[in-house]
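The chain is numbered in sequence order, starting from 1. The shown structure was predicted, so the numbers you read here are calculated from the model rather than taken from an experiment.
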Amino acid sequence: MISEDVSAWRRERLARAGFDEGVAARLAGDFAIDLHALLELVERGCRPDLAARILAPLDGESRPC
């Protein structure tokens, strides 16, 4: 399935950028979260956990693919 392949690719990218495996898996499956924005924040020196908080949805719910 395409969305599973994309999710796996996103998870790998996040893990390589320093995201904890569990956080990377959760973020990778939420296609409303901009992967490139997360990676850019980390590249600019933001801690991965803080980058995830900055880009987290305000309502705390993940969105469907």
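Side-chain contact check for Asp20 versus Pro48: every heavy-atom pair is 4.5 Å or farther apart.
Between the CZ atom of Phe19 and the CZ atom of Arg26 there is a distance of 10.0 Å, given to the nearest 0.5 Å. Here CZ of Arg11 is found 12.5 Å from CZ of Arg16. Values are rounded to the nearest 0.5 Å. Interatomic distance, OG of Ser3 versus CZ of Phe31, reported as 5.5 Å (0.5 Å rounding). Rounded to the nearest 0.5 angstrom, Leu39 CG and Asp34 CG are separated by 9.0 Å.
Judged as a side-chain hydrogen bond (donor to acceptor under 3.5 Å, both in side chains), and not counting sequence neighbours, Arg53 has no contacts. Evaluation of the side-chain hydrogen bond (donor to acceptor under 3.5 Å, both in side chains) rule for Glu40 yields Arg44 as partners, not counting sequence neighbours.
In this structure, the side chain of Arg10 engages the main chain of Leu27 through a donor-acceptor pair within 3.5 Å.
With hydrophobic clusters built from ILVMFWY side chains whose heavy atoms lie under 4.5 angstrom apart, Val23 shares a cluster with Leu41. Taking hydrophobic clusters as Ile, Leu, Val, Met, Phe, Trp and Tyr residues chained together by side-chain heavy-atom distances below 4.5 Å, Leu35 shares a cluster with Leu50. Linking Ile, Leu, Val, Met, Phe, Trp and Tyr residues whenever their side-chain heavy atoms come within less than 4.5 Å places Val42 and Leu55 in a single cluster.
Looking at every heavy atom in both residues, Cys46 comes nearest to Ile54 through SG-CD1, 4.0 Å.
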